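Here is the structure we will look at, set down as structure tokens.
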Amino acid sequence: MIKQPIGIFDSGYGGLTVLKEIAARLPQYDYIYLGDNARAPYGPRSFDTVYEYTLQCVRWFFEQGCPLVILACNTASAKALRTIQQNDLPKIDASKRVLGVIRPTTEIIGKFTKTNAVGILATTGTVQSNSYPIEIERFYPEIKVYQEACPMWVPLIENNEHNSPGADYFIKKHIDHLLEGSKEIDTILLACTHYPLLMDKMRQFTPPGITILPQGQVVAESLEGYLLHHPEIEAKCSKNSKISFFTTDSTEDFNDHATIFFGKPVISSHLSL
Ligand code: DGL
């Protein structure tokens with residue numbers, strides 16, 4: 001059987017925060033990362049556009065032979081995953097798998113909250129899709145979900161402005177607004193894979209006692225469980241501990257920025273879609 005890498009997709013750099021945790025937990029596998037930086041951010045885009053872009057990238061992963069693709073992007077998971085799983089996969093290749101980041105996170109959120117009040121910080125697209133409240137309700141009907149869209153955060157991060165004083169204004173504004181929703185909120189989920197880059201700043205503006213939960217480790221743990229329970233997919237994943245990076249925009253920019261997200265130097269190749 002031909003073994004191939006696992007595909008990891010994001011609109012830009014955010015998915016690298018997930019890949020970092022996946023590679024730390026499952027270092028034996030090979031991975032191909034694709035950031036669609038040329039078309040990021042996805043957050044403000046329509047369902048149709050996010051679906052079209054994501055499907056195009058998923059097809060590219062399949063052309064590379066990937067047996068499994070992780071959409072390490074909440075916006076793509078919210079707006080494209082279901083249609084791809086239900087309508088496209090059966091037509092393209094029913095033996096392939098595409099997974100997202102919303103399900104693994106909503107499955108375990110109940111372990112973190114004691115007050116049953118959870119705040120979600122995400123892109124406008126993810127908030128509008130209502131995916132988090134709907135999925136959390138399925139697993140934990142007792143939890144009340146409060147959402148806040150942070151449209152400026154991804155552009156600040158993608159432009160490397162997230163440590164500037166200007167960023168503080170937008171970070172504080174959205175945390176304050178979210179927490180105005182309820183004094184009971186004890187857990188804030190970072191439902192955008194870019195946001196872990198803002199962790200230090202967010203802690204400054206969040207009262208102590210509130211847990212801020214990034215998704216990387218949760219997704220990595222869930223992938224480990226998935227591969228254990230799906231030996232037929234696991235058997236198709238190559239294991240040479242090799243990671244390749246692709247971007248649809250400038251490789252120089254990608255290599256410069258990616259290190260902040262991935263924690264190690266990155267050398268990328270260009271992809272024209
Ligand atoms: N990192 C992506 C997410 O998790 C979104 C970034 C974007 O707006 O493109 O939602």
Side-chain angles (χ1 to χ4, degrees), residues 7-22 33-58 69-82 84 98-106 109 119-133 135 147-162 167 170-171 174 188-199 202 212-220 222-223 245-249 253-254 257-258 260-262 273:
I8 310 282
F9 171 71
D10 184 55
S11 60
Y13 299 108
L16 291 166
T17 64
V18 176
L19 175 59
K20 182 180 163 190
E21 301 297 340
I22 290 178
Y33 183 87
L34 172 59
D36 191 7
N37 298 78
R39 301 186 292 197
Y42 279 15
R45 297 192 190 277
S46 69
F47 263 87
D48 286 352
T49 304
V50 172
Y51 164 67
E52 182 195 320
Y53 289 176
T54 306
L55 179 60
Q56 205 179 0
C57 294
V58 165
V69 177
I70 312 288
L71 303 185
C73 174
N74 287 274
T75 311
S77 298
K79 292 190 162 183
L81 178 63
R82 184 166 303 178
I84 290 176
V98 182
L99 304 174
V101 289
I102 297 178
R103 172 83 189 260
T105 322
T106 52
I109 196 73
I120 306 284
L121 294 171
T123 64
T124 305
T126 300
V127 167
Q128 280 173 351
S129 76
N130 246 352
S131 300
Y132 273 92
E135 287 286 312
Q147 302 195 88
E148 172 74 4
C150 314
M152 288 300 289
W153 289 13
V154 170
L156 283 167
I157 295 167
E158 289 278 321
N159 289 294
N160 209 12
E161 287 289 337
H162 53 286
F170 290 105
I171 295 168
H174 290 301
I188 296 179
L189 173 67
L190 305 187
C192 172
T193 53
H194 280 66
Y195 295 175
L197 269 275
L198 304 174
M199 195 57 130
M202 281 191 289
I212 302 176
L213 184 67
Q215 292 177 298
Q217 287 183 8
V218 173
V219 174
S222 163
L223 177 59
F245 298 90
F246 289 83
T247 174
T248 54
D249 207 349
D253 284 353
F254 190 87
H257 284 49
I260 321 170
F261 292 80
F262 191 55
L273 283 173

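Whatever order the structure lists ligands and atoms in, that order sets their numbers, starting from 1. Since the model is a prediction, treat every value here as computed from it, not as a measurement. Heavy-atom basis, side chains included; hydrogens, waters and symmetry copies ignored.
- Heavy-atom minimum distance, Leu273 versus Thr248: CD1-CG2, 3.8 Å.
- Distance alone, capped at 3.5 Å, is enough to place a donor-acceptor pair between the Thr193 side chain and the Ala72 backbone.
- Although no hydrogens or angles enter the test, the distance criterion places no donor-acceptor pair under 3.5 Å between the side chain of Tyr42 and the main chain of Ala76.
- The protein residues lying under 4.0 angstrom from ligand 1, judged by non-hydrogen atoms, are Asp10, Ser11, Pro41, Tyr42, Gly43, Cys73, Asn74, Thr75, Thr123, Val154, Cys192, Thr193, His194.
- Counted within 6.0 Å of CD on Glu135, heavy atoms from surrounding residues, nucleotides or ligands total more than 12; the atom is thus considered enclosed.
- For Asp253, there are no side chain to side chain donor-acceptor pair (under 3.5 Å) partners at least two apart in sequence or on another chain.
- The aromatic ring centroids of Phe245 and Phe262 lie less than 6.0 Å from each other.
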